[in-house]
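Read the structure below first, then the notes.
This one's a predicted model, so the numbers in the text were calculated from it and none came from an experiment. Whatever order the structure lists ligands and atoms in, that order sets their numbers, starting from 1.
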Amino acid sequence: MNIQGLIDDIVAENNMAPPAGAVADYIPGLETIDPDQFGIAVAMNSGETYSAGHSSINFSIQSISKVFTLALTMALDGDGLWRRVSREPSGTPFNSLVQLEQEHGIPRNPFINSGALVVTDRLLTITGDSQTSLQAFLRQQSANPSIQVNEAIAAAERATGHRNASLAYFLTSYNNLVNPVPQVLNAYFRQCAIAMSCEDLATAGGFLSRGGQGVDGLPVLTADQVRRLNAVLLTCGTYDAAGDFAYRVGLPCKSGVGGGILAVVPGTCTIAVWGPRLGRSGNSSAGVAALAKLTARTGWSIF
Ligand code: GLU
């Protein structure tokens, strides 16, 4: 299969007719990005990587960070987390407060903001500094020691993240947040503000398609844990469009409001795509279109 040819074609098709959508502007700084950039990278389990378009430009990984904090927490804490977070699609916006009250402070899944705050809280308790642990993990797994937080984006989120603050205090009122709210929020905002390229992300996510084996051959997670993490990605990883995503793409995926999407083809490869314009559900329009084309042309799907 000529994967380089396929992704070159997908980038050319995207550039000829870029999908519509609006760049996220609720976090100051994200809206200044050139909206028509588009990149894709494919990291094969066999070791080759392919990339096309703006695949080496850093972007704000935002919610894609939630995959990695969850993986680290599962690695360090086993199943303990699942007493505090469920594993069901939410069917509500990622930052909704309503469901959290109805369900007595237990977030629907680890990929909506309330769930991710609980994961970050747990990782903070275990490591003492969740954000540094996460950054070290990403640097190691992507073999890129320069990965870091975009401090301007982190500061912008701290200044404007009132809804996340509400979620955090709400969780505390249900005793589902252990650490002080400002500390959890700071760790959460900093993890979201990490900047990475498609190439970094596809490589760093490799353990998800290699049955848990990290870049150095050592296990990040067990094969059983990765199977379960991919199941949660498939059902909950793409906001309240997870059903449509499974229908169109058929892969475990996690998206972020920075316009990135990480997709896993278990046993084969990990894919990262990036295009800042978002569709109605908050997923990258160009990213969804590219993944739908790539999976249709390669036959990559878990179904
Ligand atoms: N930092 C963003 C927020 O908490 C992440 C949103 C996302 O990418 O889904 O609002």
*With heavy atoms of Tyr239 as the reference, note each atom of ligand 1 found under 4.0 Å away.*
7 (C), 8 (O), 9 (O)
*Counting only heavy atoms, which portion of Arg163 has something under 4.0 Å from ligand 1: side chain, backbone, both, or neither?*
neither
*Option whose closest heavy atom lies nearest to atom 2 (C) of ligand 1, chosen from Lys254, Lys66, Gln191, Gln62*: Gln62
_Within the 4.0 Å heavy-atom shell around Cys192, which atoms of ligand 1 are there?_
1 (N)
*Could you check atom 4 (O) of ligand 1 against the protein and tell me its nearest heavy-atom contact, residue, atom and distance included?*
Tyr188 OH, 2.7 Å
_So if I count the atoms of ligand 1 from 1 in the order they appear, which ones are less than 4.0 Å from some heavy atom of Asn164?_
3 (C), 4 (O), 10 (O)
*side-chain hydrogen bond (donor to acceptor under 3.5 Å, both in side chains) with Glu13: which residues, sequence neighbours excluded?*
Lys293, Arg297
*Could you check Asp200, Ile147, Asn150 and say which one makes a side chain to side chain contact (heavy atoms under 4.5 Å, CB included) with Asn58?*
Asp200
*Is the shortest N/O to N/O distance between Tyr26 and ligand 1 below 3.5 Å?*
yes
*Min heavy-atom dist Asn95 to ligand 1 below 4.0 Å*: no
*asked:* Please classify the Asn113 to ligand 1 contact at 4.0 Å (heavy-atom distances, strictly less than): side chain, backbone, both or neither.
replied: side chain
*asked:* For Leu171, is there any backbone N or O sitting under 3.5 Å from a side-chain donor or acceptor partner on Asn176?
replied: no
*Which word best sums up how the rings of Tyr239 and Phe94 line up, parallel for under 30°, tilted for 30 to 60°, or perpendicular for over 60°?*
tilted
*Is there a path of hydrophobic side-chain contacts, each under 4.5 Å between heavy atoms of I, L, V, M, F, W or Y residues, that connects Val181 with Leu97?*
yes
*Hey, can you tell me if His104 and Tyr174 have their rings parallel, tilted or perpendicular (30° and 60° cut-offs)?*
perpendicular
*Looking at ligand 1, does Phe189 have a heavy atom less than 4.0 Å from it?*
no
*asked:* With side-chain contact (heavy atoms from CB on, under 4.5 Å) as the criterion, how do Leu6 and Tyr50 come out once you've worked through the C-alpha distance, each side chain's angles and the decisive distance to 0.1 Å?
replied: CA-CA 10 Å; Leu6 281 172; Tyr50 302 96; over 6 Å; no
_So, regarding Phe94 and ligand 1 (criterion: nitrogen or oxygen to nitrogen or oxygen, under 3.5 Å), is there a contact or not?_
no
*What atoms in ligand 1 come closer than 4.0 Å to a heavy atom of Ser63?*
5 (C), 6 (C), 7 (C), 8 (O), 9 (O)
*Going by the order shown, which atoms of ligand 1 are within less than 4.0 Å of some heavy atom of Gly256?*
8 (O)
*asked:* Quick check on side-chain hydrogen bond (donor to acceptor under 3.5 Å, both in side chains): which of Asp121, Asn113, Thr69 does Tyr188 satisfy it with?
replied: Asn113
*asked:* Just to verify, what does Asp216 make a salt bridge (Lys or Arg N to Asp or Glu O under 4.0 Å) with, not counting sequence neighbours?
replied: none
